[in-house]
Chemist: 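Dumping the structure here so I can ask a few things about it.
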Amino acid sequence: MTGGHVGAHSSLRDAEPKVFWLDRADAPGSSPAVQGTIETDLLIIGGGFTGLWAAVQAKERSPGRDVVLVEADAIAAHATGRNGGFVDASITHGLANGVSHFPQEVDRLIEFGNDNLREIEAALARYNIDADYEHVGGLEVATATWQLDEIEAGVELAGRYGESVALLDAEALRALVDSPTYVGGARRASGVATVDPAKLAWGLADAAASLGVRRFERTPVRSLEALPTAIVARCPAGTVRARKVVLATNALSALVPAIRRRVVPVWDYVLVTEPLSDAQLASIGWTGREGIGDAANQFHYYRLTADRRILWGGYDAVYYRGGDIAPARAQRIETFVTLAQHFFTTFPQLEGLRFTHRWGGVIDTSSRFCVTFGTAHDGRVSYAVGYTGLGVAATRFGARVALDLLDDPASELLHLDFVRSKPFPFPPEPVRNVVIQLTRRAIARSDRNEGRRGPWLRLLDTLGVGFDS
Ligand SMILES: Cc1cc2nc3c(=O)[nH]c(=O)nc-3n(C[C@H](O)[C@H](O)[C@H](O)COP(=O)(O)OP(=O)(O)OC[C@H]3O[C@@H](n4cnc5c(N)ncnc54)[C@H](O)[C@@H]3O)c2cc1C
């Protein structure tokens, strides 16, 4: 999508450098930090969706087991509280990616994904979690004619796997959501919902507490040491001695070196507008409140919030040399301006609307775009990382596998290629940075050249690896 827009800068003038979902007067207070020595059966490191789902499922499986969760910052402070809130049944970062990497078992992975989504919905009901969960379905939109081929191929593929996705011409699409940039698209009726991710995470944290999980915040684990009797997690003001450990640290930690080879931290950026008036909303339609993504390689995702704001994110996926995840990287003005320009190109009817929030968050990108698993320290530590931008639902499945790796060697999940095989590793720095920047430029060039993939992207396609968000 191209096109400058004069209003972009002024629309950002009052945008606060804060995460909309976390910027609430009723956000929960924090739990204490670990002090002294704590003993536990299971230590979960990380208070995002993976860690929270691991905590809840661990207690549901074995209510008598003692479970401790430690979080370096606050519950939901990172990707979990910063995302778009798209809940997608796919655990493979979409059907096409699942088919391309796991052709032999994709049917089962679809089933596991659908079951996982049903289990999430059941947990919301069981623990009475109000997270503004809405069955809205999804729209994939083409903003250039070359994208239509890919959308048609996606609809055909979905049909083959029994998913109900309907092709829409520009007129039918614009009757749902009116953007002059749309040239066609597709509507997926099921398997996509939206949620308030922070409310979901806080609800899961309450559920875990109600099951007896002990929670500590402001507690970064600095190192893990394997003793014969325990794994020892050293924190600034104390120590946790655990029989077993789930690492749910996304791309944010180097506690297990293998994670660093398979997963890189990529920054993704988001804007949220002020609430739309009745007239503003009527000017674009969108009565179905679908979650929307465009079909470019550098894509935008957008949705309505419960209070009728538009969350608008994506496009740039930025890797900083050395995998920099310093908090200051969460603000990138040039990306916010680009996003705002694209917003008004998409919805010129909303001229004058202002953004209230702007932020970035770290996506754990793997070269095959979906979660990867592993163990360390004689199988006493397990991890699930690498969801690559589609982890809101998949994290529950990831946590389930991480627990199976520790507890249940007979689990059918542990025989899946999806679980056993590893994504192609990223090269070490400084080559890593060169390769990723080269790939990003090639992806941008492909979007400018009607989707034609140059030699570099074709080579990566042949190797079955890529870079995405
Ligand atoms: C901007 C953005 C938009 C996204 N949009 C979507 C979307 O719309 N839909 C979707 O499905 N997915 C989306 N995602 C991806 C999704 O948010 C993630 O896949 C998911 O939240 C990952 O959860 P997690 O628990 O694995 O990681 P995180 O939420 O990052 O949690 C990891 C936690 O571990 C803690 N931690 C790390 N190291 C340590 C340590 N040493 N000691 C103690 N604690 C530690 C961190 O502080 C952090 O809180 C998006 C991500 C981003 C960044």
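FYI, the numbering just counts along the sequence from 1. We count ligands from 1, going down the list as the structure has it; atoms in each ligand are counted the same way. Everything numeric here is computed off the predicted structure, so don't read it as measured data.
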Chemist: Assess Tyr301 for proximity to ligand 1: is some non-hydrogen atom of it under 4.0 Å away?
Modeler: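 Within the 4.0 Å threshold, so yes.
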Chemist: What residues, two or more places apart in sequence or in another chain, satisfy side chain to side chain contact (heavy atoms under 4.5 Å, CB included) together with Ser382?
Modeler: Val246, Thr375, Ala402, Leu405, Leu406
Chemist: Identify whether NZ of Lys or CZ of Arg in Arg329 sits under 6.0 Å from the centre of the six-membered ring of Tyr320 and within 45° of that ring's axis.
Modeler: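 That pair qualifies as a cation-pi contact.
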Chemist: Answer yes if the ring centres of Phe373 and Tyr383 are under 6.0 angstrom apart, and no otherwise.
Modeler: no
Chemist: So, is Val392 polar-close to ligand 1, with some N/O to N/O distance under 3.5 Å?
Modeler: yes
Chemist: Heavy atom to atom 5 (N) of ligand 1, shortest distance: which of Gly48, Ala79, Gly84 holds it?
Modeler: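 Looking at heavy atoms only, Gly84 sits closest to atom 5 (N) of ligand 1.
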Chemist: Is there a heavy atom of Thr219 sitting under 4.0 angstrom from any atom of ligand 1?
Modeler: yes
Chemist: Could you tell me whether Asp41 and Arg65 have a side-chain N and a carboxylate O separated by less than 4.0 Å?
Modeler: no
Chemist: Please identify each residue that fulfils side chain to side chain contact (heavy atoms under 4.5 Å, CB included) with Val136, with sequence neighbours left out.
Modeler: Glu134, Thr194, Arg289
Chemist: Check for me whether Ala77 has a heavy atom closer than 4.0 Å to any atom of ligand 1.
Modeler: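 Checking ligand 1 against Ala77, which is what was asked, there is no heavy-atom contact under 4.0 Å.
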Chemist: Less than 4.0 Å between a side-chain N and a carboxylate O, is that true for Glu225 and Arg234?
Modeler: yes
Chemist: Which bit of Ile75 is near ligand 1, meaning a heavy atom under 4.0 Å away: side chain, backbone, both or neither?
Modeler: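 Ile75 to ligand 1: no contact under 4.0 Å from either part.
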Chemist: Relative to atom 29 (O) of ligand 1, which among Thr365, Val195, Thr80 owns the nearest non-hydrogen atom?
Modeler: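 Of the listed residues, Thr80 has the closest heavy atom.
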Chemist: Counting non-hydrogen protein atoms only, what is the nearest one to atom 32 (C) of ligand 1? Give residue, atom name and distance.
Modeler: Ala248 O, 3.3 Å
